[in-house]
Amino acid sequence: MAELKTKLNDASVEAFLNSIEDEAKRADSFEVLNLMMKITKEKPKMWGASIVGFGTYHYKSPSTGREGDWFITGFSPRKANLTIYIIPGFKNYADILKGLGKHKTSSGSCLLIKKLQDVDPKLLKQLIEKAYEDMVKANKK
């Protein structure tokens, strides 16, 4: 079985975010960083070369048997979109997504936003809070 490439590492989150060339994307990234630090009360960590993650949990896939550690929530300033990871997926948050604003979802847990001003900041905060709380509760079992 191939080893997972995206792993927790000691790279600097601040240096990574400061390396973002697009000024608006860099500003949005620091805003999301601060929001997630307030919500999670966790220190941000780099996962792989381009994901900022908060917290960790251990998973085991029922279908493949693969297991490992992953972040509870996080984000990545990708070229096309700011990707916010809603690890539990979106089925329990449809009411929030309805009013969120301009966004897309993909891969089961990726919320894709072009720029933060396209979405309602209160609903974005609520979505991240609920998903984070749900993941913490689910992993206390």
Side-chain angles (χ1 to χ4, degrees), residues 1-20 22-141:
M1 191 180 297
E3 192 174 336
L4 201 58
K5 293 178 187 169
T6 305
K7 292 182 180 178
L8 179 63
N9 63 68
D10 291 328
S12 167
V13 170
E14 194 169 328
F16 166 65
L17 295 181
N18 279 323
S19 75
I20 299 168
D22 182 289
E23 208 172 301
K25 189 164 297 236
R26 184 172 55 249
D28 281 356
S29 296
F30 274 105
E31 203 169 318
V32 172
L33 174 75
N34 291 325
L35 176 65
M36 287 189 170
M37 286 191 317
K38 282 181 193 166
I39 290 169
T40 67
K41 314 254 187 301
E42 301 264 5
K43 186 177 180 197
K45 300 276 187 178
M46 289 300 300
W47 286 77
S50 63
I51 297 174
V52 178
F54 295 82
T56 60
Y57 73 99
H58 191 77
Y59 69 89
K60 183 170 184 175
S61 169
S63 56
T64 65
R66 170 183 261 173
E67 62 182 293
D69 295 314
W70 201 245
F71 52 90
I72 296 174
T73 194
F75 70 97
S76 182
R78 307 279 184 201
K79 191 171 190 119
N81 297 290
L82 180 60
T83 301
I84 297 176
Y85 297 98
I86 305 298
I87 301 300
F90 300 102
K91 69 177 182 169
N92 294 329
Y93 314 113
D95 54 330
I96 298 172
L97 289 175
K98 221 180 288 177
L100 184 62
K102 199 171 168 186
H103 72 279
K104 292 180 184 175
T105 59
S106 73
S107 302
S109 64
C110 297
L111 177 69
L112 309 171
I113 299 170
K114 290 265 186 218
K115 26 185 202 258
L116 280 183
Q117 69 187 35
D118 289 344
V119 296
D120 181 322
K122 288 180 183 150
L123 289 178
L124 180 62
K125 180 178 188 265
Q126 186 181 4
L127 175 62
I128 296 167
E129 281 173 340
K130 285 186 179 285
Y132 181 79
E133 289 168 9
D134 289 350
M135 285 299 296
V136 168
K137 277 184 213 162
N139 287 287
K140 283 187 176 178
K141 295 177 183 175

Inset, instruction - Starting from the C-alpha separation in whole Å, work towards a yes-or-no answer on side-chain contact (heavy atoms from CB on, under 4.5 Å) for I113 and D28. - result: CA-CA 10 Å; I113 299 170; D28 281 356; over 6 Å; no
Inset, instruction - Might you work through the side-chain contact (heavy atoms from CB on, under 4.5 Å) test for F90 and I96, ending with a clear yes or no? - result: CA-CA 9 Å; F90 300 102; I96 298 172; over 6 Å; no
Inset, instruction - Show your working on side-chain contact (heavy atoms from CB on, under 4.5 Å) between V32 and V52 and close with a plain yes or no. - result: CA-CA 10 Å; V32 172; V52 178; over 6 Å; no
Inset, instruction - Evaluate the side-chain contact (heavy atoms from CB on, under 4.5 Å) criterion for residues L8 and D69: first the C-alpha distance (whole Å), next the side-chain angles of each, then the deciding distance (0.1 Å), finally the verdict. - result: CA-CA 9 Å; L8 179 63; D69 295 314; over 6 Å; no
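Nearest heavy-atom pair, S29 versus I20, reported as atom, atom and distance to 0.1 Å: OG-CD1, 3.6 Å. M37 approaches P44 most closely through the heavy-atom pair SD-CD, 3.6 Å. Pairing each heavy atom of F71 with each of G53, the nearest pair is CB-CA, 3.8 Å. Looking at every heavy atom in both residues, A131 comes nearest to Y93 through CA-OH, 3.3 Å.
Put simply, the side chain of D120 gets close to the backbone of K122: a donor and an acceptor are under 3.5 Å apart. For S109 (side chain) and P88 (main-chain N/O), no donor-acceptor pair under 3.5 Å exists by modelled atom type. Using a distance-only test at 3.5 Å, with no hydrogens or angles considered, a donor-acceptor pair links the side chain of H58 to the main chain of G68.
Considering OG1 of T83 and NZ of K104, their distance stands at 11.5 Å, rounded to 0.5 Å. Taken to the nearest 0.5 Å, the CE atom of M46 stands 12.5 Å off from the CD atom of E14. Atoms CG and CG, from D95 and L123 in turn, are 9.0 Å apart once rounded to the nearest 0.5 Å. Taken from NZ in K25 to CG in L82, the straight-line distance is 6.5 Å, to the nearest 0.5 Å. Within the model, atoms NZ of K91 and CD1 of I86 stand 15.5 Å from one another, a figure rounded to the nearest 0.5 Å. The CG atom of L17 sits 6.0 Å away from the CG atom of L33 when rounded to the nearest 0.5 Å.
Residues satisfying the salt bridge (charged side-chain N to carboxylate O under 4.0 Å, His left out) test with K125, not counting sequence neighbours, are E129.
When side chains are defined from C-beta on, N139 does not count as touching Y59, because their heavy atoms never get closer than 4.5 Å. In this structure the side chain of P121 never reaches within 4.5 angstrom of the side chain of L116, judged on heavy atoms. A 4.5 Å side-chain heavy-atom check between L97 and L127 finds at least one atom pair inside the cut-off. Contact of the L112 side chain with the T105 side chain is not registered, since no non-hydrogen atoms from C-beta on lie closer than 4.5 Å. At a threshold of 4.5 Å between non-hydrogen side-chain atoms, the residues F16 and P77 count as touching. You'll find the side chain of L124 reaches within 4.5 Å of the side chain of L111, heavy atoms only.
Annotation: side-chain hydrogen bond (donor to acceptor under 3.5 Å, both in side chains) contacts involving residues 36-55, sequence neighbours excluded, comprise E42-Y132, S50-R78.
Between F75 and F54, the two ring planes are parallel [angle under 30°; tilted spans 30° to 60°].
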